[in-house]
Chemist: 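Below is one structure. I have some questions about it.
So that the names make sense, note that chain A is the first sequence line, chain B the second, and so on, each numbered from 1.
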Number of protein chains: 2
Amino acid sequence: MKKSITIKDIAKELNVSTATVSRALRNSSEISKETKQAVMKIAKEMDYHPNLLARSLISKSSKVLGVVVPTINRQFWSNSISGIESVAYKKGYKVMIFQSAESYQKEVEIVEILANSMVDGILIAFSKETQDFAHIEHIVDRGIPVLLFERVCDALQLSKVKTDDFFGSKTIVNHLIERGRKKIAYIGGPLSLTVCMDRFLGYQSALSDNNLPFNQDWVVEISDFNTDNSSEAFKELWKLENKPDAVFCFADILAIGVLAVSKELGIKIPRDLAIAGFGNDDITKYVSPSISTMAQPSFEIGQLAARLILKEINSEEEIDFIYKTEIIKPNLIVRESS
Amino acid sequence: MKKSITIKDIAKELNVSTATVSRALRNSSEISKETKQAVMKIAKEMDYHPNLLARSLISKSSKVLGVVVPTINRQFWSNSISGIESVAYKKGYKVMIFQSAESYQKEVEIVEILANSMVDGILIAFSKETQDFAHIEHIVDRGIPVLLFERVCDALQLSKVKTDDFFGSKTIVNHLIERGRKKIAYIGGPLSLTVCMDRFLGYQSALSDNNLPFNQDWVVEISDFNTDNSSEAFKELWKLENKPDAVFCFADILAIGVLAVSKELGIKIPRDLAIAGFGNDDITKYVSPSISTMAQPSFEIGQLAARLILKEINSEEEIDFIYKTEIIKPNLIVRESS
DNA sequence: CTGAAAGCGCTAACAC
DNA sequence: GTGTTAGCGCTTTCAG
């Protein structure tokens with residue numbers, strides 16, 4: 001690394017103190033116009049750049065928000081990050097993004113690094129593995145603002161922003177029922193995850209509201225969300241004596257897997273089987289038949305999350321800040337598959 | 001922000017100097033076992049955490065790589081970032097991700113922030129707008145290792161990693177020709193971008209190698225890569241007296257737009273028209289008919305990029321490091337659309 | 001083996 | 001208006 005120019009160098013060049021240079025560079029009102037201009041000029045000539053780390057060390061604020069998501073490789077997450085960035089950027093904050101890759105171990109490490117790097121706040125969506133939240137409680141104790149989004153933990157008393165999964169799931173299952181379906185299967189994820197549990201409960205609630213039987217055979221739990229797994233899951237469902245006439249999938253990607261198999265098996269969609277997903281990934285619009293789904297306002301969730309944590313960061317008294325939980329309702333998108 | 005525990009606090013507690021604490025914490029060999037254990041014990045009890053910024057300030061290394069991409073919202077970019085992370089993480093480096101959102105202005109700001117934050121290296125894929133590379137030359141002059149990936153600039157003498165666009169485009173156009181197509185249209189992006197130019201040249205080269213006419217009417221340039229724009233572009237192509245019998249699209253997303261319109265217009269794929277994309281986004285596999293495309297090894301590009309810049313960062317002498325340019329060949333994936 | 005002191009680059013009291 | 005001094009949290013000579 002090349003030696004970089006510091007305020008010391010400028011001070012020496014101009015025969016003034018570093019304090020003066022520091023003040024001039026930040027355009028402090030107590031510095032004369034002449035010195036300011038002189039400092040600016042030399043700074044430019046010498047190609048001076050302020051060291052942000054040194055500043056953060058003093059100000060105890062790095063103007064950085066840390067974001068931890070399971071992966072940036074799925075639209076929901078990348079969109080919500082874009083939402084976070086859009087508001088953070090406007091307020092002069094940078095965003096540091098990390099992927100836990102659904103690993104608890106990695107999540108813990110990341111949180112530790114972030115906390116030790118003086119980020120001003122952390123926004124986190126838990127990994128699928130995460131069951132223990134000591135790492136979060138720990139940094140909260142250290143006084144670091146933390147906000148949970150989407151993959152949250154109810155027990156933690158913190159601000160939270162997430163999709164209304166119960167509502168979303170109930171809405172789309174109701175839609176299937178309105179379409180005349182009576183034997184609705186569900187392909188979902190591990191119920192230990194709040195999201196999975198909520199969507200499952202929404203599914204159940206829609207059934208019972210409509211006096212439809214709940215059949216355990218029609219519920220499949222898979223842990224890795226990919227098309228192959230859901231294809232497999234659906235194949236099993238289709239082997240049943242009592243076949244479902246609709247499948248509601250926890251996530252769009254799973255619905256895609258079901259769709260693929262249906263084609264293989266010659267099942268006509270939606271005549272023989274209705275399919276519904278969750279998330280409104282681009283892909284649901286372009287496959288044929290296109291897939292009905294719930295649109296999650298991912299970008300807005302990110303924006304809201306960022307606004308909330310920035311408010312928390314900038315609240316003078318810790319006392320006057322109250323943790324808020326925002327539950328965002330997703331929208332039903334009806335397409336050809338139902 | 002709560003007051004945090006520092007080595008000073010530990011030192012006071014144990015009646016030793018901060019130097020001793022510092023050494024003990026880093027398990028230095030010149031400290032006795034007893035003091036080490038005592039320090040560790042108290043550190044744990046007091047819930048001490050090292051301030052990474054303070055360390056970076058001294059070591060002049062933050063163990064952070066900065067990554068700048070146009071967006072994380074497309075598979076190619078999120079995958080390549082995952083590739084970068086996977087190797088960085090193993091070597092003890094963190095990755096800070098930024099999105100330029102295709103804005104030159106924002107890209108410049110980001111690069112400045114990164115440079116001033118003592119990141120150990122910067123990996124950048126230029127925004128579509130970027131034509132002037134002074135911001136890069138500038139930080140290179142400051143001694144910061146920079147690597148260009150995918151959206152590179154030939155004039156810059158730096159390490160580069162990218163897809164072999166000329167080869168890829170030529171390969172898939174050749175494939176269309178082998179399939180008997182003679183009137184191949186091209187929907188691409190602004191030729192000022194190297195990627196766009198290279199793919200365009202590959203297209204031309206394939207045509208001329210096969211003694212097929214190059215028809216300017218069959219070439220459309222669009223600047224915003226989305227399905228609507230490519231749908232529009234294709235509609236125009238289809239109004240021509242002399243219609244194409246195949247369309248090669250610069251990116252998969254554009255191919256999706258063409259596919260959508262073809263359905264509307266009742267064009268049979270691939271009978272009346274063959275479609276080819278570039279990128280092998282998941283979606284190309286799931287639409288119907290599925291789309292032929294070139295698979296870009298995005299994850300590998302990221303890995304390679306990270307390895308290269310880490311090598312540069314860790315080369316003692318600046319002299320003994322030679323900038324490398326790695327061009328990765330994409331693979332042809334033939335599907336139903338051609 | 002351990003401590004004192006200087007310093008990374010910058011800011012902030014407190015003088016004058 | 002500007003300089004002096006101290007210090008953010010940590011590491012690193014240099015002594016002893």
Side-chain angles (χ1 to χ4, degrees), chain A residues 1-40 42-43 46-63 113 115-120 142-144, chain B residues 1-40 42-43 46-63 113 115-120 142-144:
Chain A
M1 193 71 136
K2 227 166 170 177
K3 196 205 161 303
S4 47
I5 305 297
T6 72
I7 50 169
K8 246 184 186 166
D9 301 312
I10 301 181
K12 207 181 290 167
E13 189 71 18
L14 284 169
N15 270 315
V16 295
S17 73
T18 58
T20 304
V21 176
S22 169
R23 285 188 273 240
L25 285 171
R26 278 168 305 140
N27 203 11
S28 152
S29 57
E30 42 182 4
I31 297 288
S32 75
K33 230 178 190 157
E34 297 77 50
T35 22
K36 261 187 205 170
Q37 287 175 340
V39 169
M40 294 298 193
I42 295 289
M46 300 183 81
D47 193 28
Y48 166 81
H49 296 273
N51 184 317
L52 264 29
L53 294 202
R55 279 192 182 165
S56 302
L57 194 55
I58 294 169
S59 67
K60 280 163 175 6
S61 154
S62 58
K63 290 280 186 183
I113 289 173
N116 297 349
S117 298
M118 300 186 81
V119 293
D120 291 354
R142 283 167 73 190
I144 300 168
Chain B
M1 192 71 136
K2 224 168 173 175
K3 196 205 161 302
S4 46
I5 305 297
T6 72
I7 48 168
K8 249 185 185 164
D9 301 312
I10 301 181
K12 209 180 289 166
E13 190 71 18
L14 283 170
N15 270 318
V16 295
S17 73
T18 59
T20 303
V21 175
S22 169
R23 285 188 272 240
L25 286 171
R26 279 168 304 139
N27 202 11
S28 155
S29 57
E30 41 182 4
I31 297 289
S32 75
K33 230 176 188 162
E34 297 77 50
T35 19
K36 262 187 205 168
Q37 287 176 340
V39 169
M40 295 297 194
I42 296 288
M46 300 182 81
D47 194 28
Y48 166 82
H49 296 272
N51 184 317
L52 263 29
L53 294 201
R55 280 193 180 163
S56 301
L57 194 57
I58 295 169
S59 66
K60 282 172 172 5
S61 156
S62 58
K63 290 282 187 180
I113 288 174
N116 296 348
S117 300
M118 302 186 81
V119 294
D120 291 353
R142 288 216 257 153
I144 300 167

Chemist: Just to confirm, is there a sub-4.0 Å distance from OP1 or OP2 of D:dT2 to any side-chain nitrogen or oxygen of A:S32?
Modeler: yes
Chemist: Contact between B:L25 and B:Y48 at the side-chain level, heavy atoms closer than 4.5 Å - yes or no?
Modeler: yes
Chemist: Just how far, in rounded Å, is P of D:dA6 from CG of A:L57?
Modeler: 19 Å
Chemist: Within this structure, what is the OG-CG distance for the pair A:S4 and B:N116, rounded to the nearest 0.5 Å?
Modeler: 9.5 Å
Chemist: Rounded to whole angstroms, how far apart are CZ on B:R55 and C1' on D:dT11?
Modeler: 9 Å
Chemist: Please find the pair of heavy atoms, one from B:S62 and one from B:D120, that lie closest to each other, and give the distance.
Modeler: N-OD1, 3.0 Å
Chemist: Taking only side-chain nitrogens and oxygens of B:S17, does any of them come within less than 4.0 Å of OP1 or OP2 of C:dG3?
Modeler: yes
Chemist: With nearest nucleotide decided by heavy atoms, which residue, B:I58 or B:N15, maps closer to the 5′ end of DNA chain C?
Modeler: B:N15
Chemist: Whole-Å distance between C:dG9 P and A:M46 CE?
Modeler: 13 Å
Chemist: Does B:T35 have a side-chain nitrogen or oxygen under 4.0 Å from the phosphate oxygens OP1 or OP2 of C:dC1?
Modeler: no
Chemist: Take the protein atom CZ of B:R26 and the nucleotide atom P of C:dT2, then report the distance between them rounded to whole Å.
Modeler: 14 Å
Chemist: Looking at A:K60, I'd like to know whether one of its side-chain N or O atoms comes within less than 4.0 Å of OP1 or OP2 on D:dG9.
Modeler: yes
Chemist: Can you tell which of C:dC10, D:dT4, C:dA4 lies closest to the side chain of A:Y48?
Modeler: C:dC10
Chemist: Would you tell me if any nitrogen or oxygen in the side chain of A:K8 comes within less than 4.0 Å of OP1 or OP2 on C:dC8?
Modeler: yes
Chemist: Determine the minimum heavy-atom distance between B:L52 and A:I113, stating which atoms define it.
Modeler: CD2-O, 3.8 Å
Chemist: Please answer whether the main-chain N or O of A:S28 pairs with a side-chain N or O of A:K36 as donor and acceptor at a distance below 3.5 Å.
Modeler: yes
Chemist: Please check the phosphate of D:dT11 (OP1 and OP2 only) for any side-chain N or O of B:S22 closer than 4.0 Å.
Modeler: yes
Chemist: If you pin B:A54 and B:E30 to their nearest nucleotides in DNA chain C, which one's is more 5'?
Modeler: B:E30
Chemist: How close or far is atom P of D:dG3 from atom CD1 of A:I10, stated in whole angstroms?
Modeler: 14 Å
Chemist: Take B:L52 and B:R23, find for each the nucleotide of DNA chain D with the closest heavy atom, and name the residue whose nucleotide sits nearer the 5' end.
Modeler: B:L52
Chemist: In whole angstrom, what separates B:H49's NE2 from D:dC10's C1'?
Modeler: 16 Å
Chemist: Quickly work out the A:L14 CG to D:dT2 C1' distance and round it to whole Å.
Modeler: 13 Å
Chemist: B:N51 has a side chain; which of D:dC10, D:dT4, C:dA4 sits nearest to it?
Modeler: D:dC10
Chemist: Roughly, in whole Å, what's the span from CG in A:L25 to P in C:dG9?
Modeler: 15 Å
